[in-house]
Number of protein chains: 2
Amino acid sequence: MELRHLRYFCVVAEELNLTRAAAKLHMAQPPLSRQIKHLEGEIGAELFERSARGLRLTPAGQLFHEHTLQILEKIDTTIAATQRLARSKRRIFGIGFVPSVFYGQLPLLVRELRQKDNVELMLAELTTVQQMKALKSGRIDMGFGRMRIDDPDVEQENLFDEPLMAALPEGHPLAETKPTLAQLAEYPLVLFPAQPRPSLADMTLGLFRRRGLKVTVAQEANELQTALALVASEIGITLVPEQVKRVRRDGIVYVYLADPGLTSPVICSRRKGEAPSPIMREANAILEVLVENRRSGRYP
Amino acid sequence: MELRHLRYFCVVAEELNLTRAAAKLHMAQPPLSRQIKHLEGEIGAELFERSARGLRLTPAGQLFHEHTLQILEKIDTTIAATQRLARSKRRIFGIGFVPSVFYGQLPLLVRELRQKDNVELMLAELTTVQQMKALKSGRIDMGFGRMRIDDPDVEQENLFDEPLMAALPEGHPLAETKPTLAQLAEYPLVLFPAQPRPSLADMTLGLFRRRGLKVTVAQEANELQTALALVASEIGITLVPEQVKRVRRDGIVYVYLADPGLTSPVICSRRKGEAPSPIMREANAILEVLVENRRSGRYP
DNA sequence: GCTCCATGATACCTCCAGGGTATGGCTCGG
DNA sequence: CCGAGCCATACCCTGGAGGTATCATGGAGC
């Protein structure tokens with residue numbers, strides 16, 4: 001499949017008429033007809049219903065059209081962004097992060113760095129393991145995760161340890177308490193994040209298991225917002241890092257846990273033994289302030 | 001430009017060696033070399049720095065690589081989704097919405113509809129004006145907006161009127177009051193959303209202007225989260241529809257306004273004179289319950 | 001400082017696939 | 001029943017993608 005097919009498909013999907021579409025594309029109708037068939041063959045699905053009076057999109061065709069528009073749009077913006085960056089003298093600074101650190105001060109680091117006019121920021125949501133590879137390949141320059149991984153080419157710095165909290169529906173029996181894990185184990189759990197494993201979800205399960213507590217998983221969720229919605233709907237409860245409590249939501253209360261030592265670290269990874277670039281130095285300076293604020297409890 | 005170029009570029013960007021990349025692509029080195037040059041020519045930017053010992057990505061190349069990976073990934077998932085839909089007997093149901101309605105009950109409608117196993121949901125963020133065209137072309141079947149637009153082929157239903165609220169930084173002099181527009185006009189404004197105009201931003205400005213109030217715009221923001229962050233940083237204040245107050249955030253308080261009649265409607269648009277499909281009937285039923293809850297103040 | 005070699009660039013050839021033209025066949029409206 | 005409108009098929013032609021051979025270059029190693 002080539003972009004040509006997508007471009008043709010879009011025009012045809014809008015015109016619903018091969019002859020007119022061909023005219024719009026400055027080409028004859030038969031080759032267009034063939035290319036569309038070719039596309040359908042490659043995807044292995046009918047995108048159009050043919051009739052003697054023009055075409056109609058099948059449901060699959062509708063879906064494909066919607067996404068194709070987005071793809072073509074993204075290509076255009078990508079080219080434009082690349083050209084802009086090539087003309088400017090900016091350098092790329094890539095930051096990898098696991099989703100759960102993005103509810104805290106990371107957005108502040110991003111906002112500060114975007115101000116600088118010698119740097120183009122590139123953000124990538126990556127698991128801690130993926131971050132190792134991305135660091136080495138130069139795709140990112142700094143990674144934020146929650147796991148310690150031994151790698152000779154990467155140095156890790158423990159920024160701070162973050163307490164875990166329980167997210168409970170409003171009015172829950174434990175809502176005004178400081179519960180123990182044993183107490184929480186009595187209630188069904190919303191496991192989160194379900195998708196890229198291993199993750200916080202496994203850590204959560206491990207915490208219970210190591211204490212010999214049996215938990216029932218009521219539901220899995222991939223995104224924080226979904227998980228919180230499920231908690232608010234009283235489908236279950238879930239454990240989240242403290243940063244998440246900044247995401248307040250009607251129907252949800254966060255409570256600290258009674259068990260000591262239930263924390264999740266936030267770890268910053270960098271390539272080892274590399275002279276810090278000017279941008280890296282700026283990032284480090286900002287980070288230092290943010291970590292200091294975090295440690296002293298001063299939120300901006 | 002064709003997908004071929006992107007696929008080649010990705011492999012080269014990973015190998016940073018044309019000979020090896022060519023081998024991986026099961027082709028000879030010279031044509032690959034040429035295609036990459038061709039790509040650079042078309043974009044009008046150097047993506048690689050050549051040396052006798054292999055290649056290196058330029059900043060522009062790095063950016064392009066990052067986005068190219070996403071594009072290729074999206075194409076794969078699009079094809080997979082299209083195939084899946086073609087095999088199933090599901091129908092498409094498209095919903096268009098302006099961002100500001102997505103903080104209310106719309107997610108609930110989406111969640112309920114996703115449960116049904118005869119429907120594949122397609123969401124599209126569109127301005128109210130774009131929704132008209134999308135409805136007529138069949139891209140969406142239902143649109144949610146905040147503006148009344150006369151169109152012979154579209155019928156609009158006013159679901160409810162939503163009060164406007166002011167988002168203020170914590171500790172703001174007006175934070176514990178029910179201020180008037182005149183009082184708010186004393187403080188700088190964060191204009192939101194800045195990008196697709198006309199929008200709520202113009203409505204906000206209009207409200208002040210019609211009362212003969214002069215406002216100073218401190219900053220523009222495209223996304224709600226940014227706007228709220230700016231408010232929390234005491235850069236300015238902003239007006240938001242009531243639904244937004246469900247997005248709570250540290251450092252932000254929402255207050256109702258003293259002026260009467262400061263509301264923003266939520267309007268549902270459908271194609272006129274069309275027999276409702278089974279899915280549309282299900283959507284209408286869910287919508288009715290949600291609107292009733294909204295009107296009676298019962299949030300789920 | 002010279003040589004070697006890995007690596008990318010250039011030149012030229014081949015051939016296929018994408019586009020063109022001509023035409024058939026189907027369906028719907030009058 | 002006929003014609004208009006539309007898509008599909010058949011066949012031809014050419015541009016450009018890919019192949020082979022070879023050159024140019026600069027860093028590593030002696």
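Just so it is clear: chains get the letters A, B, ... in the order the sequence lines come, proteins before strands, and each one is counted from 1.
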>> At under 4.0 Å between heavy atoms, how does the protein contact nucleotides 7-20 of chain D? Give one character per nucleotide, 5' to 3', with B, S or -.
In response: BBB-B-----BBBB
> Does A:Phe48 have its ring centroid less than 6.0 Å away from the ring centroid of A:Phe9?
Replying inline: yes
> Thinking salt bridges, do B:Arg270 and B:Asp141 make one under a 4.0 Å N-O criterion?
Replying inline: no
> Nearest-Å distance, CD (A:Glu15) to P (D:dC6)?
Replying inline: 11 Å
> Is it true that the side chains of B:Gln156 and B:Ser269 contain a donor and an acceptor less than 3.5 Å apart?
Replying inline: yes
> Where the side chain of B:Glu40 meets the backbone of B:Leu47, is there a donor-acceptor pair that is under 3.5 Å apart?
Replying inline: yes
>> Looking at B:Glu2 and B:Arg7, is there a salt bridge between them, counting it only when a charged N and a carboxylate O are closer than 4.0 Å?
In response: no
>> Just the rounded figure in Å: distance from C1' of C:dG18 to CG of A:Leu6.
In response: 16 Å
